[in-house]
Each structure stands twice: as structure tokens, then as C-alpha cells.
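Structure first, commentary second.
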Number of protein chains: 2
Amino acid sequence: MGGGYATTEELVDAVARRLAAAGRRLTEHRRRVVGALAETPGPRTVAELTDALGDAIPLSSLYRALAVLVEAGVVERLHEHDGVARYELSEVLVGHHHHLVCRRCGRVVDVAAGGDLDAAIDRLARRLGRRRGFRVRGHHIDFVGECERCPR
Amino acid sequence: MGGGYATTEELVDAVARRLAAAGRRLTEHRRRVVGALAETPGPRTVAELTDALGDAIPLSSLYRALAVLVEAGVVERLHEHDGVARYELSEVLVGHHHHLVCRRCGRVVDVAAGGDLDAAIDRLARRLGRRRGFRVRGHHIDFVGECERCPR
DNA sequence: ATATATGCAAAACTTTTGCATACAA
DNA sequence: TTGTATGCAAAAGTTTTGCATATAT
């Protein structure tokens, strides 16, 4: 996916640079959170993260780490299906993509963006935005449906 | 916008039919909530609704009304920018559309969908979904940027 | 009569914050 | 040594629920 980093090291370097640019440090906590997010593509909830991290990080610290990472442009917060936020590595790190969202269980899966279509959407976006007084910076598509784990 | 209702009466009728189909009644509360949502297009928060309704409906009743309307397919719940849900009349009532979202203040504005593009997106969606074990039922685009009320 | 709807108060949940302590540049 | 980061406990904010009462079919 365009913008993706081949190795974890490269990714961590990029994260460190962005944190530094924001006057923040790359601490152990933050490194682990990025690691957990990098493990699998797609947005994760805080519950899923604590889980993946083996409860190594207290809740408040985890939230603070995520807030800093978001502020530094390393992580994006989104989608709050049922009032729970989901966090994933930002597009500058993993490339432009969209989401398949299960309307039943809320599971979210990344899908690669489709080049031509995205360009067309961006053109449309700028036009629509101009009319409504928005400066459109990007777009995001949710493909909504049911996943195979939620039969019926 | 395809699917829109010309008069409030037509809209209320459609709502009543859907509620009835779900074994629910069209009560005064529910009628008022639909009225408030119909007044202006675009998703509203619960705070905005209580406001628009002049505090006529207790919070818990408002939440319950919205839950029933969502269940009946009359209202959609979405977006929860900063942990606050937004509700709007469902696409079966107001037609397919997308959203301009201000990344600063969270304001959301409806934009008409663009016919050709939406068809292309749906084709892509089905293909992508099939590969990942999702049955895709629809799509939704967020155009993210800054609105004119939030100068940089 | 019987199921559905409402209102109040209390609870549940996610997320944020105050403050004292620990750590890093 | 000065600013940044952490952890605990407490708070804040939104949304849900229990239960008794009222309403509609």
C-alpha cells in the first residue's frame, strides 16, 4: 500500500521523527503501542490494545500515549462504532486506504484504495467542498456490510 | 436527492409505516424527533436535539426514542466525533448522500451523492468485499477538511 | 387486558484530568 | 535542573437501564 514501510525499524524511525518534530519523545510505551498497531492493519479499540499489550500499560497511560501519537500525526482516531474509538497508524505511515465495516459486530478491515477512483473522488470532493465553504483535505470511504463471522 | 419526501406529511407517513412494521407506535415524542431531524438535513447530536426541542423531552426518553427509530430503520446513528453520536434520517427517507466533516469542530454537512461515481464505488465495493469475506451493502464517504467557521 | 411508552434516578462505560513521582535531555 | 512522562485515583461526559407509572391498542 503506497506509503507503507517495509520494516518495523523504518516505521519506528518515521514515528520517532514525527514525535521529535512535535517536541515529544519516543518512549517505551509509545513504541509498544505503535508496535501493536503495526502488527495487523486496521483500527483497534483501546480494549483490544490493552489486550494485545498484556495489560502492560495502565489505561490512563495508554490513552495518553494515543493522544500524543494522534497529535504528532502518527495515529488516527476514528469510527467510534457504539461509542468506542478505534485507532490506527495514520495514512502518512501506511498509505491511503478505506474500510470494510461490519454493521453487526463493528469489525473494521483495511482495503487498499483504488487509484483512479480516488483521484475522481478527490476532484469531486474539492468541487463539493468549495460550494459549501469547506476546504476538503481528503476523503475516506466506509464500505458497510456484514462480515463472514456474523452470519445471517 | 433521490428518495426524499416532498412534504413533512409524506415523511411522517413513511415513518409511521416503518415503525408499525417493527411493531412500534408513532408517538408524540418520536414524531417530534423526526420533525426536528427533518427540519435541516445533516446529522445532529443529542445535545442539539434537546436544544431544538426546547427541552421538551427528558434525556432518557430522547435516547430511547432515537434507539427505536434506529431499530425501525428510520434514523441512522453515526460518526461519533469526540465520543458524541450523531443522528440523521436514514437514506431510505432522504436519499443516498455523503458528508463533509470538519476535522476541527466536528460539524457535518450533507452533500448529494454523484450518480456515476457511486455506481463505480459500489462495483468496487462488492469486489473488495468478496475478497475479504464481507457482503457489502452500501458505502459512505466522508470528505474531511476544515469548514469556513474554523479558520486555520 | 395487554403490550408499549414514559420519566426519574441511578448505573455503566469510555475517556479525561489532578497531582505526586519518576525519568530523560 | 528543567521539561516531559507515568501511575493512581478521581472526575467528567455520554449513553443505558431498573422500576414504577401512564398510555394506547
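Letters A, B, ... mirror the listed sequences (proteins, then strands); counts begin at 1.
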To the nearest 0.5 Å, how far apart are [atom1] in [X] and [atom2] in [Y]?
| X | Y | atom1 | atom2 | value |
| --- | --- | --- | --- | --- |
| R31(A) | L69(A) | CZ | CG | 12.0 Å |
| D142(A) | L100(A) | CG | CG | 9.0 Å |
| D118(A) | I141(A) | CG | CD1 | 6.0 Å |

Over how many whole Å does the gap from [X] atom [atom1] to [N] atom [atom2] extend?
| X | N | atom1 | atom2 | answer |
| --- | --- | --- | --- | --- |
| D51(A) | dT14(C) | CG | C1' | 16 Å |
| R64(B) | dT17(D) | CZ | P | 9 Å |
| R86(A) | dT14(C) | CZ | C1' | 14 Å |
| E48(A) | dT14(C) | CD | P | 12 Å |

Next on the checklist: Base, sugar-phosphate or nothing for A65(A)? Non-hydrogen atoms, less than 4.0 Å.
Outcome noted: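 Nothing, no heavy atom under 4.0 Å.
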
Checklist entry - Which parts of residues 11-38 of chain A get close to DNA chain C, meaning a heavy atom less than 4.0 angstrom away? => result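 Of all residues in residues 11-38 of chain A, the ones placing a heavy atom under 4.0 Å from DNA chain C are R25(A).
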
Item to check | Sorted by number, the residues of residues 52-62 of chain B with heavy-atom contact under 4.0 Å to DNA chain C | outcome: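 Only P58(B), S60(B), S61(B) qualify.
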
Next on the checklist: Please determine whether a side-chain nitrogen of the Lys or Arg among R107(A) and E148(A) lies less than 4.0 Å from a carboxylate oxygen of the Asp or Glu.
Outcome noted: yes

Item to check | Y63(B) side-chain N/O to dT16(D) phosphate OP1/OP2 under 4.0 Å | outcome: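 Indeed not, no polar side-chain atom of Y63(B) lies that close.
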
Checklist entry - If you group Ile, Leu, Val, Met, Phe, Trp and Tyr by side-chain heavy-atom gaps below 4.5 Å, do V136(B) and L78(B) land in one group? => result no

Next on the checklist: Can you confirm whether H99(A) sits close enough to P43(A) that some side-chain heavy atom of one is under 4.5 Å from a side-chain heavy atom of the other?
Outcome noted: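 The answer is yes, as the side chains (C-beta and beyond) meet within the 4.5 Å cut-off.
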
Checklist entry - R77(B) has a side chain; which of dT17(D), dT15(D), dC8(D) sits nearest to it? => result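 Nearest listed nucleotide: dT15(D).
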
Next on the checklist: E88(B) vs H97(B), test: side chain to side chain donor-acceptor pair (under 3.5 Å). Steps then yes/no.
Outcome noted: CA-CA 12 Å; E88(B) 76 176 337; H97(B) 62 276; 3.0 Å; yes

Item to check | Residue pair H139(A), H98(A): steps toward the ring-ring contact (aromatic ring centres under 6.0 Å, His included) verdict | outcome: CA-CA 9 Å; H139(A) 70 264; H98(A) 300 301; 5.4 Å; yes

